[in-house]
There are 2 protein chains.
Amino acid sequence: MERKSIDHKISRKPSGAAVIRTDLTDALFRALFEEWAQTGYAAISLERVAARAGAGKAAIYRRWPSKREFASAAIERSAPGLGGFGDHGSLEADILAYLTMTRRVLRHPLVRRILPDLHAERMRSGDLAPLLDHVATTRRTAGQAMLDRAIARHELRPDIDREFAFDLIPSPLYWRMIVRCRPIGRADLERQAAVIANALRSC
Amino acid sequence: MERKSIDHKISRKPSGAAVIRTDLTDALFRALFEEWAQTGYAAISLERVAARAGAGKAAIYRRWPSKREFASAAIERSAPGLGGFGDHGSLEADILAYLTMTRRVLRHPLVRRILPDLHAERMRSGDLAPLLDHVATTRRTAGQAMLDRAIARHELRPDIDREFAFDLIPSPLYWRMIVRCRPIGRADLERQAAVIANALRSC
DNA sequence: CTTCAATGGAACGCTATCGTTCCGTCCATA
DNA sequence: TATGGACGGAACGATAGCGTTCCATTGAAG
């Protein structure tokens, strides 16, 4: 593995087997997430990630200089955008849809292990903070739209404290599923949506 | 270090320097928490813990057979009981006191790093689940008393869903401080208490 | 067909860490 | 004073993992 090729006169463009394999990059990303879910970020061994992907470590180091860059690229590549988040007709229905989607995400076997690990890791070291910020931004955009609609419907006051709302809406679900490690059924999800919507309307 | 002395005829009771030093045990517990806060459970190195405590690994292995037992003993020894949780006169005031105390705990530099790490670790392996159950039980007892008082005051219906309340009360604070990694001032804490109390009263 | 470019699996040299072993040392007891 | 019991720091042998190096192999281009 000769990584630094500088000031070399290129007479032929690399091609064929001399080009990074994207299928191997994909396999490395998948392996990283699986290893991450199993061990937590701090204990990720790149040797094990490579083995899990059926590769050697050189394949990793050719692509990323460090575990952190590797993890950053993986998160950015896969950040679950909430995508289209339609109007459900009322604040409560919007919140229910938001919580339903969030529940689905938090049920994913990799996400439910990697996300809290990211939170814990961020407490120790700010290295991964940009990753969480990246994830949070997409969720915030969806949340802003939801609040905008509720204001337009006159369900919420225009000057509602949006930070407060962004704390109140997802937190009981996160607490239930991650902190308490408990499942939540449809009825409880609906009750959360109703109580939260009611609470926000009376702010 | 000869740990296994079995079927040996004891002719004299150990004493003096032949007895486990409790000051060293204390130092080991402190060192463990510091290392835990720094690296997360998965990456704790007992060698580093011992060094941090100014000791050798034999001192650890004489006391505990594994990292897990060591960690268990440490948590059980130090689980922050919420202690006396007095009656503040109303549900809202009780909740505010509860949140104030919780905020103080979550501000502690070791707790704010170890607690989310425990949650993340539990998602990966059930090994540490009993520790979290232990911590949760003491908090639950305080919470039950708070709900009992509110019912006695006729602020809450006797059949309120206690699980729902236990999710709703601490979660926005936890979300704010741990998941969002944001501080929270007195005014926002009071608002949380007011909104949560109101929400529970209207359940 | 030959050549090129560089990929990527395997191996390397080094360090950190593990659980265990060793034995000098300690301090109360006889 | 001598003795007993075992503690606990240092060292041990083995392994895991790191970042780097090596070079056989690959596949497109000429």
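Below, read A as the first sequence line, B as the second, and so on, with proteins coming before strands; counting in each chain starts at 1. Quick caveat: nothing in here was measured; it's all calculated off a predicted structure.
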Check: Can you tell which of D/dG17, C/dC18, C/dG8 lies closest to the side chain of A/R48?
Finding: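 Among the listed nucleotides, the one closest to the side chain of A/R48 is D/dG17.
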What is the distance from [atom1] of [X] to [atom2] of [N], rounded to the nearest Å?
{"X": "A/E47", "N": "C/dA11", "atom1": "CD", "atom2": "P", "result": "12 Å"}
{"X": "B/K57", "N": "C/dT17", "atom1": "NZ", "atom2": "P", "result": "9 Å"}
{"X": "A/I44", "N": "D/dC18", "atom1": "CD1", "atom2": "P", "result": "10 Å"}
{"X": "B/I20", "N": "D/dG8", "atom1": "CD1", "atom2": "C1'", "result": "9 Å"}
{"X": "B/L46", "N": "C/dT17", "atom1": "CG", "atom2": "C1'", "result": "9 Å"}
{"X": "B/E35", "N": "C/dC18", "atom1": "CD", "atom2": "C1'", "result": "15 Å"}
{"X": "A/I60", "N": "C/dA10", "atom1": "CD1", "atom2": "C1'", "result": "14 Å"}
{"X": "B/R52", "N": "D/dG8", "atom1": "CZ", "atom2": "P", "result": "20 Å"}

Are [X] and [Y] close enough that some pair of their side-chain heavy atoms sits under 4.5 Å apart?
{"X": "A/H134", "Y": "A/E76", "value": "yes"}
{"X": "A/R107", "Y": "A/M177", "value": "yes"}
{"X": "A/I184", "Y": "A/L99", "value": "no"}

Only distances under 3.5 Å count here; give the side-chain donor-acceptor pairs of residues 194-203 of chain B to other protein atoms, sequence neighbours excluded, each with its distance to 0.1 Å.
residue: B/R201; atom: NH1; partner: B/E155; partner atom: OE1; Å: 3.0
residue: B/S202; atom: OG; partner: B/N198; partner atom: O; Å: 3.3
residue: B/S202; atom: OG; partner: B/A199; partner atom: O; Å: 3.0

Next item on the list: Using a 4.0 Å heavy-atom cut-off, write out nucleotides 25-30 of chain D from 5' to 3' as B (base contacted by protein), S (sugar-phosphate only) or - (no contact).
Entry: -BSBB-
Notebook entry, point to check: Base, sugar-phosphate alone, or nothing: which one does B/L28 contact when heavy atoms must sit under 4.0 Å apart?
Noted result: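 Since no nucleic acid heavy atom lies under 4.0 Å of B/L28, the category is nothing.
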Check: For DNA chain D, what are the stems built from at least three Watson-Crick or G-U pairs in a row, each pair having both distances below 3.5 Å?
Finding: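 Stem list for DNA chain D: C:1-30 with D:1-30.
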Would you say [X] reaches [N]'s phosphate, i.e. side-chain N/O to OP1/OP2 under 4.0 Å?
{"X": "B/R21", "N": "C/dC26", "answer": "no"}
{"X": "B/R62", "N": "D/dC7", "answer": "yes"}
{"X": "B/R63", "N": "D/dC7", "answer": "no"}

Item checked: Option from A/M101, A/H88, A/Q192, A/E190 for which side chain to side chain contact (heavy atoms under 4.5 Å, CB included) with A/L96 holds ->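 The residue from A/M101, A/H88, A/Q192, A/E190 that satisfies side chain to side chain contact (heavy atoms under 4.5 Å, CB included) with A/L96 turns out to be A/E190.
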Checklist line | First encountered from the 5' end of DNA chain D, between A/S45 and B/A55 | finding: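 The answer here is B/A55.
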Notebook entry, point to check: Between the side chains of A/R176 and B/S171, is a donor N or O closer than 3.5 angstrom to an acceptor N or O?
Noted result: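 Distance-only check fails for A/R176 and B/S171.
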Next item on the list: Give the intermediate values and the outcome of side chain to side chain contact (heavy atoms under 4.5 Å, CB included) for residues A/D161 and B/D188.
Entry: CA-CA 10 Å; A/D161 183 343; B/D188 285 333; 4.2 Å; yes
Notebook entry, point to check: Looking at A/R162 and A/D148, does any basic side-chain N land under 4.0 Å from a carboxylate oxygen?
Noted result: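 Answer for the salt bridge query: yes.
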Next item on the list: Carefully, step by step, assess B/H119 and B/Y174 under the rule ring pair (Phe, Tyr, Trp, His ring centres under 6.0 Å).
Entry: CA-CA 12 Å; B/H119 295 139; B/Y174 183 89; 5.5 Å; yes
